[in-house]
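Below: one structure, written as C-alpha cells.
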Amino acid sequence: MTQIVSFPGLGFSFSISPDAFTVGALTIKWYGVIFACAFLAGTLYVLKNTKKFGLDSDRVIDVLLGAILSGVIGARIYYVVFSWDLYKDNPMDIFKIWNGGIGIYGGVIAAILCGYFLCRWRKVRFLPMLDLCSAGLILAQAIGRWGNFVNVEAFGSATTVPWRMTSEYAGGIGSTMVERYLATLSPEQIEAMGGMEKIGVHPTFFYESVWCLLGFFLLMWMTKRRKFDGQLILTYAMWYGAERFVVEGLRTDSLMIGNLRVSQVLGILSAVAALIAMVIVLHKKKASNDPEYLKLYVDTEEAQLIREGRFYEKKQPEPLEDPSLTSDEPEETGTKQPSEEDAAPAQQEKLGDSEKE
C-alpha cells in the first residue's frame, strides 16, 4: 500500500509504494531492486580494483559470487533465528526474503567463512581479498539501506529533531508501523516532548546510509596508504561496528537476546577487537625495522606475475633430449674398426702366407 512519508520539521512529504513494477502476476518490490543495485555497485567496485591488491579478476569474481550467495543465505538465517516467533507458525515465509528481513552481520560472517574456502580453492590470497571487498561491502550497505526506507521500516525511537520522520497510509486506511509505534507512547512522554504534532521517529536508515558512505570514502583513501594486508577489513570492522553500536541503540525493531540488542553487542565487540588487532600489528611492523615484514602482497613478485598475466600460465613440459647426443660411445667414422673376431682369421691368413714364402 502507498504511504505518505513526511518530514514535518523540514517541511516536505511525498508518497511512496513498496512495489516497483509488475511482470504478469509477479510484483517486483523496490526492496529487491535496491538490494540488487547495491550488490551490483559493490561487485563492480571490487572488479575494477583487483590489480591494486595484486589479485586476478577472473578468480576474484569466482570467489565473490560464491561469497555473495552465501552472504544472502547467512543474512536471512541470522534474521530468522533471532525472529523465530515470526516464522514458527508459517515456516514457508522464511523463503520470502523479498518481504524484507535480513541481518547484515549474519551475511558478513557467512560470506567471510565461505570466501575463505573459495580463496583456497581458487588460489586467491585471503587477506588481500578481504581488504578489496571491504570497500565494496560498505558501499553496498550504504545503498541497500534505502530498501528499508521504501518499506518504511528500520526506523528509530521517538524524537523531536528537525529531521524527524512520520508516515501514514494514503487514504487514511489502517496504521503504518510508525503510527503503531508512536501509539505506544504514554501521555506523559507525549506531553514531555511537546505534543504529538511535534513528535516523529529517527530515520535510522539514513544515519546508517550516510555513515557507510563516509566509510566507503575512508577505505578508498586508505587503499594506497595501507601498511599491511588486512588493515582495510579491520578498519571496516571498527567503522561499521562503532556505527552499529550507536544507531542500533535508537532502533525500535532490534533483534534481541534477552535484554541485549544482538547487533549492538556484535558491533562494539568487533570494533574493539579490530582496534586492538590494528594497534598490535602496526606496533610489530614498526618495531621490526624490516621492510619485508608483513610486506603488502601487491608488492611481491607473485603479484607482479599476476598483473602481467603470467602467474597462472601452465608450464610446458621440457622436451626430452636425444639419447644419441648424450651417449658416451664414440661417433662412427667412415672407416670401421675391425673387431677381435674379425681380426683373428685375417692374422692367421697372413701367417700362412709367410710360411709359404
Side-chain angles (χ1 to χ4, degrees), residues 1-18 29-31 78-90 93-94 96-97 99-106 144-211 243-268:
M1 297 178 65
T2 300
Q3 295 190 48
I4 300 174
V5 179
S6 304
F7 293 85
L10 301 178
F12 68 89
S13 63
F14 48 86
S15 299
I16 190 169
S17 171
K29 302 287 186 178
W30 277 116
Y31 186 90
Y78 179 95
Y79 182 84
V80 170
V81 167
F82 292 107
S83 306
W84 182 240
D85 288 343
L86 300 176
Y87 300 98
K88 62 182 181 181
D89 296 327
N90 298 289
D93 287 349
I94 293 174
K96 297 179 180 179
I97 193 172
N99 288 334
I102 60 173
I104 186 62
Y105 271 118
R145 274 301 172 190
W146 288 88
N148 298 130
F149 172 65
V150 296
N151 282 352
V152 196
E153 61 185 4
F155 51 82
S157 57
T159 182
T160 58
V161 296
W163 54 88
R164 64 189 181 275
M165 182 181 76
T166 63
S167 73
E168 60 183 13
Y169 284 123
I173 301 173
S175 299
T176 65
M177 286 190 288
V178 173
E179 288 177 316
R180 290 198 296 271
Y181 163 70
L182 292 177
T184 64
L185 298 178
S186 67
E188 292 77 17
Q189 289 175 306
I190 295 173
E191 182 178 358
M193 299 178 76
M196 186 59 75
E197 67 278 2
K198 294 184 178 180
I199 300 176
V201 295
H202 283 285
T204 48
F205 77 90
F206 181 73
Y207 299 165
E208 182 160 337
S209 179
V210 172
W211 200 314
E243 176 271 322
R244 200 59 189 265
F245 176 75
V246 173
V247 175
E248 192 70 21
L250 298 174
R251 293 271 293 269
T252 61
D253 60 345
S254 297
L255 302 177
M256 306 292 289
I257 297 181
N259 295 324
L260 299 176
R261 300 172 188 261
V262 180
S263 293
Q264 197 172 31
V265 172
L266 288 176
I268 193 61

Sorted by chain and residue number, the ring-ring contact (aromatic ring centres under 6.0 Å, His included) partners of F155 (sequence neighbours excluded) come out as none
What residues form a salt bridge (Lys or Arg N to Asp or Glu O under 4.0 Å) with D85, not counting sequence neighbours?
K88
Under the side chain to side chain contact (heavy atoms under 4.5 Å, CB included) rule, collect the residues that match up with A192, sequence neighbours excluded.
none
For V201 against G156, the heavy-atom pair lying closest together:
CB-O, 3.3 Å
pair P187-I190: side-chain heavy atoms closer than 4.5 Å
no
Excluding sequence neighbours, so at least two apart, what forms side chain to side chain contact (heavy atoms under 4.5 Å, CB included) with F12?
F7, L10, F14
Rounded to the nearest 0.5 Å, how far does CD1 of I199 lie from CG of L182?
7.0 Å
For V150, check side chain to side chain contact (heavy atoms under 4.5 Å, CB included) against everything at least two apart and list the hits.
I16, W30, I34
side-chain hydrogen bond (donor to acceptor under 3.5 Å, both in side chains) partners of W146, counting only residues at least two apart
S209
Side-chain donor-acceptor contacts of residues 255-266 below 3.5 Å, not counting sequence neighbours, with atom names and distances?
from: R261; atom 1: NH1; to: E248; atom 2: O; distance (Å): 3.2
from: R261; atom 1: NH1; to: R251; atom 2: O; distance (Å): 2.9
from: R261; atom 1: NH1; to: S254; atom 2: OG; distance (Å): 2.8
from: Q264; atom 1: NE2; to: F245; atom 2: O; distance (Å): 2.9

Kindly state each residue pair satisfying salt bridge (charged side-chain N to carboxylate O under 4.0 Å, His left out) with at least one member in residues 187-209, sequence neighbours excluded.
R145-E208
What is the distance from atom CG of D93 to atom OH of Y87, rounded to the nearest 0.5 Å?
7.5 Å
When rounded to the nearest 0.5 Å, the distance separating CG of D253 from CE of M177 is 8.0 Å
Decide side chain to side chain contact (heavy atoms under 4.5 Å, CB included) for Y31 and N148; before the verdict, give the C-alpha distance in whole Å, the side-chain angles of both, and the deciding distance to 0.1 Å.
CA-CA 7 Å; Y31 186 90; N148 298 130; 4.0 Å; yes
W84 and its side-chain contact (heavy atoms from CB on, under 4.5 Å) partner, picked from V80, L86, V81
V80
Hits for side-chain hydrogen bond (donor to acceptor under 3.5 Å, both in side chains) against Q189, two or more places apart or cross-chain, chain-then-number order -> S186
Residues pairing under side-chain hydrogen bond (donor to acceptor under 3.5 Å, both in side chains) where one sits in residues 3-18, two or more places apart or in two chains, turn out to be Q3-S167
Let me confirm one number: the CE-CG distance from M193 to L185, rounded to the nearest 0.5 Å.
7.0 Å
Passes side chain to side chain contact (heavy atoms under 4.5 Å, CB included), F205 versus M165? Steps please.
CA-CA 11 Å; F205 77 90; M165 182 181 76; 4.1 Å; yes
Under the ring pair (Phe, Tyr, Trp, His ring centres under 6.0 Å) rule, what pairs show up with a residue in residues 170-195, not counting sequence neighbours?
none
Apply side chain to side chain contact (heavy atoms under 4.5 Å, CB included) to Y207 and list each qualifying residue two or more places apart in sequence or on a separate chain.
W163, H202, P203, T204, V247, L250
